[in-house]
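Not measured: the values here are computed from a predicted model. Just so we're on the same page: letters track the sequence lines, and every chain starts at 1.
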Amino acid sequence: MTDLELLNKEQKEAVLHTEGPLLILAGAGSGKTRVLTYRMAYLIDECGVNPWNILAITFTNKAAGEMRERVDRIIGYGSESIWVSTFHSACVRILRRYIDRLGFDQKFTIYDTEDQKTVMKDVCRRLQIDTKMYRERMLLNVVSHAKDEYISPEEFRLKAQGDFRQEKIAQIYLEYQKELKKNNALDFDDLIVKTVELFQNCPEVLEYYQERFRYIMVDEYQDTNTVQFKLVSILAGKYQNLCVVGDDDQSIYKFRGANIDNILNFEKVFPETKVIKLEQNYRSTQNILNAANVVIRNNQSRKEKALWTQNEQGEPIQFHYFQNAYEEADYVAGEIQKKVKSTEAEYRDFAILYRTNAQSRMFEEKFLLANVPYKIVGGVNFYSRKEIKDVLAYLKTIDNGKDDLAVHRIINVPKRGIGAVTINKVQTYADSVGISFFEALECAGGVPGLGKAVLKIQPFVHLIHEFRLKLADLTLEQLIEELLDKSGYTESLKEEGTDEAEARLENIGELISKAVTYEEGAEHAELSGFLEEVALVADIDSLEEQDNRVLLMTLHSVKGLEFPYVCMSGMEDGIFPGYMSIAAENPTEEIEEERRLCYVGITRAMKELMITAARVRMIRGENQYNQVSRFVREIPQELFGKKSVLPPVQKVQQPAKDSAHAKAKEIFRTKTFDPKQFKVVKAERLDYEVGDRVSHIKFGEGTVLNITEGGRDFEVKVDFDRAGEKKMFASFAKLKKVQSL
DNA sequence: TTTCCTGAATTTTTT
DNA sequence: ATTCAGGAAA
């Protein structure tokens with residue numbers, strides 16, 4: 001019996017609305033996961049729905065895992081037959097069964113970002129593309145976005161007609177897809193695209209899954225892109241039982257294809273849609289919520305809603321302004337220690353948020369000094385670390401030698417004296433005979449022109465063969481350990497003797513324990529199964545609860561989490577909102593996205609919110625003077641404590657009086673190399689700022705991207721309409737302001 | 001073949 | 001400031 005008494009009116013309504021399209025606009029902290037899990041329970045217990053007919057989709061494995069756990073807890077019998085999975089793993093499951101109908105082998109491999117780059121490089125080389133003009137990263141971005149929008153290479157080409165550059169990219173896109181097909185590989189985006197293709201081309205397969213998934217739920221719906229929406233709407237096409245939960249105000253992933261129209265236009269696509277707003281917040285104090293509401297209200301394109309709470313008023317928001325980032329981090333570390341010492345809180349109750357990963361450094365330094373235990377979340381993905389990818393490449397090669405990329409990766413790791421020339425010869429031979437790279441290595445003796453290199457290749461081939469034979473007798477753990485030993489991988493790392501090598505060994509240890517966990521969990525633990533699982537797992541999603549540490553992370557990674565005490569640091573225009581969004585062609589739109597990010601940050605706080613900013617900040621080796629973030633200024637004074645005073649708005653703030661040491665250094669530098677510079681009069685301040693339109697006597701009009709204090713003068717970076725980006729000294733450039741931002 | 005050096009890039013992130 | 005990739009020298 002599902003007990004609905006624990007839910008509020010709207011939540012209950014959402015649970016009871018089981019048939020037909022349903023859009024739940026769930027504000028931050030309004031209990032959406034609870035609604036989803038209760039809804040599933042209700043469907044099964046009260047509506048007699050077969051658990052087998054339910055599909056719940058999330059974005060991350062972590063979210064899927066959490067939902068699985070909660071579902072299992074409230075649903076007794078049959079909960080395990082509900083599909084709770086990410087978009088990607090659901091698609092893999094479907095494709096493993098039916099992808100042969102699209103002309104792929106069912107044993108297709110999944111390429112990660114690095115593999116994609118390798119393929120793209122290859123494509124560019126073959127098409128003789130100048131990668132200075134068309135950078136791989138840009139190309140992959142374009143391709144990925146095309147796939148997000150479900151645009152095929154052919155459609156891309158048609159759209160590109162008349163634009164040389166776009167046509168070129170279309171050609172690259174096509175070639176890239178051919179290459180993947182040749183390798184029987186799919187990239188992450190393809191997993192979704194090919195599934196949609198499958199459904200569109202094979203009515204009987206679609207029919208099967210439509211029957212199977214009669215009730216579909218999508219979490220974090222605001223993050224879906226166009227193909228994902230397509231996938232879900234096709235699946236729900238027959239029964240129309242599609243329930244999506246999201247918050248347009250928390251849509252912060254436009255840059256990776258999320259289409260906010262999916263939520264804003266849901267009712268247009270599904271006219272019968274029932275819309276329910278969850279606006280009661282159970283997480284934060286009144287003050288915090290007010291701040292969040294006030295900020296997000298400045299956005300134009302959103303569905304109107306306002307969070308409210310029965311929680312108490314709470315402490316005022318704190319704002320602290322510092323001379324520089326050192327002082328900022330210092331103060332935060334001190335405050336945390338103070339709170340913890342007074343037993344008001346534990347370390348794990350705190351989160352420090354920042355806009356970019358690079359900002360974590362300062363906190364790391366100061367926390368170390370102040371003995372604050374911390375953990376940095378994010379940065380480099382566990383499974384994309386070099387050493388992990390190396391080990392996995394070995395395992396893939398042992399599992400089946402078909403994955404050329406994997407073999408290429410490890411053929412000379414550790415160093416075996418097999419270089420680019422040899423590899424090319426073998427690859428050319430493999431291509432001409434039509435066999436895989438590893439098969440070519442196996443018969444290296446028959447490859448023309450190899451000479452002594454054959455003797456270097458043979459031991460490698462033997463090594464792999466040896467492990468293939470042993471495979472059946474070894475556990476995964478033994479396999480990896482023995483492999484690391486026999487291949488000389490561990491040894492070569494140990495020889496390095498650096499801290500970095502040490503860390504790599506530790507990471508490998510972690511991979512081994514992952515393998516052990518997998519073996520314990522799986523019924524038929526096999527190497528291929530492990531590799532499959534690992535391909536779709538992005539991180540050590542486990543933020544271990546028992547770990548009592550302050551968490552440091554970007555505003556993006558904090559979505560979905562909550563903490564009693566939250567500090568949003570680096571709240572300066574140019575940092576947050578980032579200068580990229582300020583100087584974008586469509587600043588309004590981009591800044592609204594940043595504002596949503598700010599909203600996400602504020603709403604993570606349960607009890608207290610602290611906001612900090614610094615007058616000077618070192619960015620990419622340069623001192624930057626930024627104003628306090630416009631978002632902070634959107635919060636009215638009455639929500640701040642009496643001690644929180646915002647500095648006055650200034651056009652360009654005065655450079656800091658640098659330390660005596662820095663001054664001496666500057667004088668030394670200038671005297672030695674450039675005495676003439678004394679003639680340059682440094683402007684007291686500039687009458688334009690980042691984002692303004694300015695004009696230059698030679699380059700014409702442009703937008704100010706960045707202003708840096710360069711010691712003798714302000715250095716101004718301008719994106720000119722005609723001449724492109726230029727860096728220049730303010731006193732020489734004589735820029736005239738045309739128009740304010 | 002490997003190592004070393006210089007030049008370029010540098011929001012945000014999941015799968 | 002720092003990292004990373006590609007090219008030149010050892």
Novice: Could you check whether K132(A) gets within reach of a base, just the sugar-phosphate, or nothing at all, counting any heavy atom under 4.0 Å?
Specialist: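 No contact.
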Novice: Measure CG/D189(A) against P/dT15(B) and give the value in whole Å, please.
Specialist: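 Atom-to-atom, D189(A) to dT15(B), this comes out as 13 Å.
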Novice: Just compare dT14(B), dT12(B), dT2(B) and give me whichever is closest to any side-chain atom of T60(A).
Specialist: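 Nearest to the side-chain atoms of T60(A), counting from C-beta on, is dT14(B).
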Novice: For a quick check of understanding: with a heavy-atom distance under 4.0 Å over all strands, which category does G417(A) fall into, base, sugar-phosphate or nothing?
Specialist: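 Sugar-phosphate, no base atom in range.
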Novice: Looking only at the side chain of K117(A) (C-beta and beyond, no hydrogens), which of the listed nucleotides dA5(C), dT12(B), dT2(B) gets closest?
Specialist: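 Of dA5(C), dT12(B), dT2(B), dA5(C) is nearest to the side chain of K117(A).
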Novice: List the atom pairs, with distances to 0.1 Å, where a side-chain N or O of residues 575-591 of chain A and a protein N or O form a donor-acceptor pair under 3.5 Å, not counting sequence neighbours.
Specialist:
{"from": "Y579(A)", "atom 1": "OH", "to": "R620(A)", "atom 2": "NH2", "distance (Å)": "2.8"}
{"from": "S581(A)", "atom 1": "OG", "to": "G578(A)", "atom 2": "O", "distance (Å)": "2.7"}
{"from": "E589(A)", "atom 1": "OE2", "to": "K254(A)", "atom 2": "NZ", "distance (Å)": "3.1"}

Novice: Is S581(A) touching bases, backbone alone, or none of the nucleic acid, heavy atoms closer than 4.0 Å?
Specialist: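 Counting heavy atoms under 4.0 Å across all strands, no contact is made by S581(A).
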Novice: Which listed nucleotide (dA1(C), dT12(B), dT2(B)) is nearest to the side chain of N357(A)?
Specialist: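 For the N357(A) side chain, the nearest candidate turns out to be dT12(B).
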Novice: Determine the Euclidean distance between corresponding P atoms of dC4(C) and dT13(B); express it in Å to zero decimal places.
Specialist: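 Those two atoms are separated by 16 Å.
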Novice: Of the listed nucleotides (dT2(C), dA9(B), dT3(B)), which one gets closest to any side-chain atom of R361(A)?
Specialist: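 Closest of the options to the side chain of R361(A): dT2(C).
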Novice: As a test of reading the structure: which of dT12(B), dT15(B), dT1(B) is closest to the side chain of N61(A), going by heavy atoms?
Specialist: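 Nearest to the side chain of N61(A) among the choices is dT15(B).
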Novice: Do NZ/NE/NH1/NH2 and the carboxylate oxygens of D248(A) and R302(A) come within less than 4.0 Å?
Specialist: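 Between R302(A) and D248(A) there is no salt bridge, as every charged N stays at least 4.0 Å from the carboxylate O atoms.
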Novice: Does the side chain of R137(A) get closer than 4.0 angstrom to OP1 or OP2 of dT10(B) through an N or O atom?
Specialist: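 For R137(A), the contact criterion (side-chain N or O under 4.0 Å from OP1 or OP2 of dT10(B)) is met.
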Novice: Which residue lies toward the 5' end of DNA chain B, S89(A) or K456(A), if each is placed at its nearest nucleotide?
Specialist: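 On the 5' side of the pair lies K456(A).
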Novice: Output the single nucleotide from dT1(B), dT13(B), dA9(B) whose closest atom is nearest the side chain of T422(A).
Specialist: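 In terms of side-chain proximity for T422(A), the closest of dT1(B), dT13(B), dA9(B) is dT1(B).
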Novice: Establish, from distance only, whether the side-chain atoms of Q222(A) and Y253(A) form a donor-acceptor pair under 3.5 Å.
Specialist: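 No - no donor-acceptor pair under 3.5 Å links their side chains.
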Novice: Counting only side-chain nitrogens and oxygens, does K559(A) get under 4.0 Å of the OP1 or OP2 atom of dT12(B)?
Specialist: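 For dT12(B), neither OP1 nor OP2 has a side-chain N or O of K559(A) closer than 4.0 Å.
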Novice: For a quick check of understanding: with a heavy-atom distance under 4.0 Å over all strands, which category does F576(A) fall into, base, sugar-phosphate or nothing?
Specialist: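 Nothing, no nucleic acid heavy atom in range.
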Novice: Think R135(A) has a side-chain N or O under 4.0 angstrom from the OP1 or OP2 of dC4(C)?
Specialist: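 For dC4(C), OP1/OP2 do not have a side-chain N/O of R135(A) under 4.0 Å.
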Novice: State whether R504(A) and D390(A) are salt-bridged, where the test is any N-O pair (Lys NZ or Arg NE/NH1/NH2 against Asp/Glu carboxylate O) under 4.0 Å.
Specialist: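 Judged by the 4.0 Å cut-off on N to carboxylate O distance, R504(A) and D390(A) do not form a salt bridge.
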Novice: How many Å lie between CD on E114(A) and P on dT14(B), as a whole number?
Specialist: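 Taking CD of E114(A) and P of dT14(B), I get 16 Å after rounding.
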Novice: Which word best sums up how the rings of F255(A) and H556(A) line up, parallel for under 30°, tilted for 30 to 60°, or perpendicular for over 60°?
Specialist: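 The arrangement is perpendicular - the two ring planes meet at more than 60°.
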Novice: Would you indicate what D112(A) reaches in the nucleic acid, counting non-hydrogen atoms under 4.0 angstrom: base, sugar-phosphate, or nothing?
Specialist: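 D112(A): no heavy atom of the nucleic acid under 4.0 Å.
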Novice: Find the distance E533(A):CD to dT15(B):C1' and express it as a whole number of Å.
Specialist: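 Going from CD in E533(A) over to C1' in dT15(B) covers 14 Å.
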Novice: Here's a test of your reading of the structure: between M580(A) and N412(A), which maps to the more 5' nucleotide of DNA chain B?
Specialist: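 Looking at the nearest nucleotide for each, N412(A) comes out on the 5' side.
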Novice: Hey, are R355(A) and E594(A) close enough for a salt bridge, meaning a charged N less than 4.0 Å from a carboxylate O?
Specialist: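 Answer for the salt bridge query: yes.
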Novice: Can you check the Y253(A) OH to dT11(B) P distance for me, whole Å?
Specialist: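 Between P of dT11(B) and OH of Y253(A): 16 Å.
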Novice: What's the closest nucleotide to the H556(A) side chain, out of dT15(B), dG6(C), dT12(B)?
Specialist: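 The nucleotide sitting nearest to the side chain is dT12(B).
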Novice: Verify the contact: side-chain N or O of S557(A) to OP1 or OP2 of dT12(B), cut-off strictly under 4.0 Å; return yes or no.
Specialist: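 It does not, given that no N or O in the side chain of S557(A) lies less than 4.0 Å from OP1 or OP2 of dT12(B).
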Novice: Return the value, rounded to whole Å, for the distance between atom CD of E365(A) and atom P of dA1(C).
Specialist: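 Spelled out: CD on E365(A) to P on dA1(C) is 13 Å.
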Novice: Nearest-Å distance, CZ (F59(A)) to P (dT12(B))?
Specialist: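 Interatomic distance, CZ of F59(A) to P of dT12(B): 20 Å.
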Novice: Among the candidates dT12(B), dT15(B), dT10(B), find the nucleotide nearest to the side-chain atoms of T86(A).
Specialist: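 The answer is dT15(B), which lies nearest to the side chain.
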Novice: Are F255(A) and dT12(B) stacked, counting the six-membered base ring, centres under 5.5 Å, planes under 30°?
Specialist: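 Here the ring of F255(A) and the base of dT12(B) are stacked, with centres under 5.5 Å and planes under 30°.
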Novice: Considering only dT10(B), dT12(B), dT15(B), which nucleotide approaches the side chain of T554(A) most closely?
Specialist: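 Nearest to the side-chain atoms of T554(A), counting from C-beta on, is dT12(B).
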Novice: What is the separation between atom CD1 on I582(A) and atom P on dT12(B), rounded to the nearest whole Å?
Specialist: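 It is 16 Å, rounded to the nearest whole Å.
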Novice: Within a reach of under 6.0 Å around NZ of K389(A), are more than 12 heavy atoms found that belong to other residues, nucleotides or ligands?
Specialist: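 Atom NZ in K389(A) is crowded, with more than 12 foreign heavy atoms closer than 6.0 Å.
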Novice: I need the CG-P distance between L561(A) and dT13(B), as an integer number of Å.
Specialist: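 That distance rounds to 13 Å.
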Novice: Between dT15(B), dT2(B), dA1(C), which nucleotide has the shortest distance from any of its atoms to the side chain of K415(A)?
Specialist: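 Closest of the options to the side chain of K415(A): dT2(B).
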